Structures are given as structure tokens and as C-alpha cells.
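Atoms within a ligand are numbered from 1 in the order they appear, just like the ligands themselves. As the structure is a computational prediction, the values presented were derived from the model and not from experiment.
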Amino acid sequence: MTDRQDQSAQRQLDDYLFDLQGYLILRGALSGEELAEANRDYDTLQRDRAHPGGPVVVSDPGRQEGLMFQQLYEMGGVWERMLDHPSWFDHCLHYIGTDDPDNFDGHHGPAFIDECFGTIRGPGGAQRLHSGGEKGTIRTQYRYHAGKFHCGQVNVLIALNDIGPGDGATVVVPGSHKSNLRHPQTVPRERYGEELSADDTAGGIEAHLKAGDALLFVDAIMHGSARRTNEGERRVCVYRYGPSWGYFRHKWRPSDGLMARLSPDRRKLVNPHA
Ligand SMILES: O=C(O)CCC(=O)C(=O)O
């Protein structure tokens, strides 16, 4: 079999599994050097609550989600490379569709990253389950039509350390991106905290990742994370990709410094009209 046939067989399998389950695991997406750099930057953020590379927003809301970072790409280096990292970028473009018919003159980029964040979570930390196809939310929708994927948001969650049993792994409910019915174990927004933890959710599975693996999933899939019961901490970052006509999820915007140093292609990923 030639390399090209190999790639096409892999793409067919990925498409089948992504459609069926709503997620894929990309093993070894980051190199050892990339991981080391990312972890050094997390050490700095954790210690100083800031980074000299750029204005990352650090918060500790004192909730189960743990220490949170927004606008990770501001730090430069590996965080900029992750904007269009070869381990996942083509997959993201393929699953969001990138087919705006009015974009012929290239005034948009092929995609928009509407949020780029990370968390460090210690013992007791978790993320409540949310999303699910039955909600019909357009921004996060799963859609396949006329022989193409047209997903509203594809997330790439990258493990910066090993995440196994007891570590608070991300939980997904495979197939729930197409569900028609509300999962009976979820509760409405005003009763958050009463729901079962993600690890006790019927139909849910923990995505165990080695450091450097990436979990790629359509946001419509029901997801959250199990509660961490082990000592130590869990480190992840998430890049959210959507169509170029999307808009920022939060109030933060790419800084002038970042916009000045990015290549034109990458600039369009963080601000399609810039
Ligand atoms: O923290 C996790 O494992 C889940 C992240 C999550 O819920 C999200 O990316 O929307």
C-alpha cells in the first residue's frame, strides 16, 4: 500500500469514528520538546499568575474547575505553533467544513479559534457534564450534510501530563452529539452541583491520555471531567476551532503584540478580519 492510500484509509476510519462517536484520540500529537516547553510555561503561570511572553488571563474561581488560563496563545512559542499544529489542524478544518461560498477572495481565514484556554486541576477537581445533541445549539452543533462535515465547534484538548484512572480524565458520552433526548442524569443550570459526577454518568467513558495526546471532539457531545481522586494535578489546554465567521466567546481579544508577530495565516485564525 502506498503512503497516499494509507492516509486515505486512515481518514476514512477517522471520519467513520468521528461521525459515530463524536470524538477521536490523536496519540502523540505533541513532541517531547513541545510538552516540556508547555509545562515550563504552566509552571510560570502557576507560580507568578502571569507570563512574560504575553497577557494570559489567570483566574482561580475557587471552584472545582481549578486554576484557569485564558488566551494561552499570547505566550508565543509552542502556543503559537499549536494554532495550526500539523497533528490536528487538517482534522479541524475537515470537521468544521470551511466552505463559506463568499470567502473566494480569502478575506477570511479557513477557521477561527474563539477560545484558547487551559486548566490545572488538583485533588477534588472536576468539570460538570454539559452539552449534548438534543440541545440543538448552533454554535456547537454536529452536522453532516451533502457529503461534508459542517460542525460548529471542534475542540482539541491536549494532555500536558499523563491522565489515567483517578486523575480526573475528560469524560465523553460517545454518540451523544446526535442524541434526541436529554440525559436523565443531567440537571438544569439553576441546580448545578446536584448532578451526578461525570464518572458516574451512564454511557460516559473516561478518555485516558498520555502526555502529548489530544482528544478531538465536537462540542455538541456531552462532556465534562471525572473528579480527581489521586494526589498531584492534571494539566490540559484546549483550542476551540469553528468557522471563520464565528465570534469570540469571551471579552478578551488578541493583543497588538501577538497580532504584530503572527504570520498572516495565523493572524486570521485568532482574528479572521485582521
Ligand atoms: O476539563 C475537561 O476535561 C473538559 C473540558 C471541557 O469541558 C470543555 O472543553 O468544554
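- Residue contact check for ligand 1: R234 places a non-hydrogen atom closer than 4.0 Å to it.
- Shown here is K135, whose NZ atom has more than 12 heavy atoms of other residues, nucleotides or ligands within 6.0 Å.
- Short contacts between ligand 1 and R121, defined as distances under 4.0 Å to a heavy atom of the residue, involve ligand atoms 1 (O), 2 (C).
- Nearest protein heavy-atom neighbour of atom 7 (O) of ligand 1: H130 CE1, 3.0 Å.
- Protein heavy atom in closest approach to atom 4 (C) of ligand 1: G224 O, 3.9 Å.
- Inspection of the R249 and Q70 side chains reveals no N or O donor paired with an N or O acceptor under 3.5 Å.
- For ligand 1, the atoms sitting less than 4.0 Å from at least one non-hydrogen atom of T170 are 2 (C), 3 (O), numbered in the order shown with element in parentheses.
- For ligand 1, the atoms closer than 4.0 angstrom to any heavy atom of H223 are 6 (C), 7 (O), 8 (C), 10 (O).
- By the 6.0 Å and 45° rule, R253 stacks over the aromatic ring of F248.
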**OP:** Check the pair Q46, E233 against side chain to side chain donor-acceptor pair (under 3.5 Å), reporting the backbone distance first and the verdict last.
**Re:** CA-CA 12 Å; Q46 194 173 32; E233 61 189 25; 2.9 Å; yes
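- Atom 5 (C) of ligand 1 has L157 CD1, 3.9 Å as its closest protein atom, hydrogens excluded (heavy atom only).
- Under the 4.5 Å side-chain criterion, counting only non-hydrogen atoms from C-beta, D167 is in contact with R228.
- By the 4.0 Å N-to-carboxylate-O rule, D213 lies close enough to R27 to be salt-bridged with it.
- Of all the atoms in ligand 1, the ones that sit under 4.0 Å from a non-hydrogen atom of S225 are 2 (C), 3 (O).
- Taking atom 9 (O) of ligand 1 as the reference point, the nearest protein heavy-atom neighbour is R240 NH1, 3.3 Å.
- Heavy atoms of other residues, nucleotides or ligands lying less than 6.0 angstrom from CG of D256 number 12 at most.
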